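Chain letters run A, B, ... following the sequence lines, proteins first and then strands; every chain starts at 1. No experiment lies behind these values; they were computed from the predicted model shown.
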2 protein chains.
Amino acid sequence: MLSLTEENYLKAIYHLSDGGSKAVLTNELAEAMSTKAASVTDMIKKLSAKEVITYEKYYGVNITAQGKSEALMVIRKHRLWETFLVDKLGFAWDEVHEVAEQLEHINSPRLIEKLDEFLGYPKVDPHGDPIPDHKGKIKIIPQVPVDQLAIGYQGKIAAVKDSDSNLLKYLDKIGARPGVKIKVLGKEEYDDSMEILIDDHRVFISKAVSQNILVVG
Amino acid sequence: MLSLTEENYLKAIYHLSDGGSKAVLTNELAEAMSTKAASVTDMIKKLSAKEVITYEKYYGVNITAQGKSEALMVIRKHRLWETFLVDKLGFAWDEVHEVAEQLEHINSPRLIEKLDEFLGYPKVDPHGDPIPDHKGKIKIIPQVPVDQLAIGYQGKIAAVKDSDSNLLKYLDKIGARPGVKIKVLGKEEYDDSMEILIDDHRVFISKAVSQNILVVG
DNA sequence: GTATATTTTTAGATTAGTCTAAAAAATAAT
DNA sequence: ATTATTTTTTAGACTAATCTAAAAATATAC
Ligand SMILES: [Mn+2]
Ligand SMILES: [Mn+2]
Ligand SMILES: [Mn+2]
Ligand SMILES: [Mn+2]
């Protein structure tokens, strides 16, 4: 059984390791958790005692199969609750992340199964992120940020980064939502800004924005 | 700002004091919180520092106006979530209390207002308990437990105690739900059991049961 | 009205999560 | 191959919430 804080650490480790494919360093975890390296060292000792990660001194942490499964359950809850807030309660997509950060820690398997059913077993959350199923299986779609695309690329927006409310408000304003058509028209070498077509609408976006829009790779 | 534990203590104080109308003793609070008197004394000091209760050594605690308002907000959330679980997710009424104990601590005023709207501004929860409105106003209906009724009493079930799952399953089986007609036919002096009519259905109930069915006083 | 029993409070410890400051290990630079 | 820098770990301390055991206050009994 993991505490709320342990769940948050584990989720961060899952994300920073790209789903378990690489080791996570103490400092990047400290950065992600807005805490100090010393606190991270303490916590990773506890998490490795609980066998959700493995830990080699000075070389970072790796998530175990069990840890991955627990992290995916928290992510499942987070994304189901975000979907509920948008689809059923009429929240805007920029208002849900903070509340979901709380709701993801509610412990009731029955609640999550019922919620999933109530929502019609959604495959993705309001930001385009895939929702793990009740077995913890997640369909990882390889996603590429728009700033890495070549001129002339045509495709569809797969997802957007969901943690910054102001970014989401802006993306909504320019119509950059999952599923919408996108085409790269030009790149400005000077400041890495881009000219793109969103649903046949021409817009100029800064690098800070292009990094946060993801298309299918 | 109150911690989760502080919220739980305050809620217990509100209930034990009958909504603020009498003082609560250390030991009854310890009993209600399944903890030790020493822990209660510590917590009481913190709560009175936060001015949600007043505390006189050896004479128990009283809830302040601010404390009452905060307790009512937690109760509002608890009962709205219970209503959501039953009405929208299809939970049985004996399955919701434990989950609501967790959900009641989610902090998001917007979430609660949206949830209230989504549920159609319900007046009572699945167990017949009144739901405080967004101002914290609660319609206190004076309720009397069935074991205190005289033979011949006729009326309607107002509410049932909601914390024991087995009791609720049994009440459901005999049809004892809020709003259902009830009539007292007889009382057995020997064991305080009663013969009652529930929706024109004759049943015998023990004292343990009759204490947990409430009618309008 | 003194003795006994009950209730409540204090004292001292424990655990989870966090912090700052200092030591140790690993990496980079001369 | 030393020295310097960066990263990570340890050491020691703090807060919230809990506990047991002992002391103090209140209530009850004779
Ligand atoms: Mn989110
Ligand atoms: Mn999301
Ligand atoms: Mn309840
Ligand atoms: Mn209830």
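Rounded to whole Å, the distance from CG on A/N8 to C1' on C/dT18 is 15 Å. Counting to the nearest Å, the P atom of C/dC19 and the CE atom of A/M43 are 11 Å from each other. In this entry the distance linking CE of B/M1 with C1' of D/dA16 reads 16 Å, nearest Å. Atoms CD1 (B/I44) and P (D/dT18) sit 13 Å apart, rounded to a whole Å.
The A/D42 side chain lies nearest to C/dC19 when the options are D/dT9, C/dC19, D/dT18. Out of C/dT18, C/dT10, D/dT18, the shortest distance to the side chain of B/K57 is found at C/dT10.
For DNA chain C, the residues of residues 31-41 of chain B within the heavy-atom distance limit of 4.0 Å (strictly under) are B/A37, B/A38, B/T41, sorted by number.
Taking CG of A/D129 as the start and NE2 of A/H78 as the end, the distance is 8.0 Å to the nearest 0.5 Å. Annotation: the span from B/R177 atom CZ to B/D172 atom CG amounts to 5.0 Å, rounded to 0.5 Å.
Residue B/E51 qualifies as open at atom CD: its count of foreign heavy atoms under 6.0 Å is 12 or below.
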Look for any protein N or O under 3.5 Å of an N or O in nucleotides 4-7 of chain C and output each such pair with its distance, or none.
none

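The main-chain N or O of A/P126 is never found under 3.5 Å from a side-chain atom of A/E82 such that the two would form a donor-acceptor pair. B/D164 contributes a side-chain N or O that, together with a main-chain N or O of B/L167, makes up a donor-acceptor pair within less than 3.5 Å. Looking at B/W81, its side chain never comes within 3.5 Å of a backbone N or O of B/V99 through a donor-acceptor pair. Not a single donor-acceptor pair under 3.5 Å links the side chain of B/K88 to the backbone N or O of A/L115.
Contact between the side-chain N/O atoms of A/Y59 and the OP1/OP2 oxygens of D/dT9 is not found at any separation under 4.0 Å.
Looking at every heavy atom in both residues, A/A176 comes nearest to A/V160 through O-CG1, 4.0 Å.
The residue A/E28 sits apart from the nucleic acid: no heavy atom pair falls under 4.0 Å.
Taking the six-membered ring where the residue is Trp, B/F118 and B/F84 present tilted rings, their angle falling between 30° and 60°.
Remark on DNA chain C: of its neighbouring residues B/E56 and A/T5, the 5'-side contact belongs to B/E56, judged by nearest-heavy-atom nucleotide.
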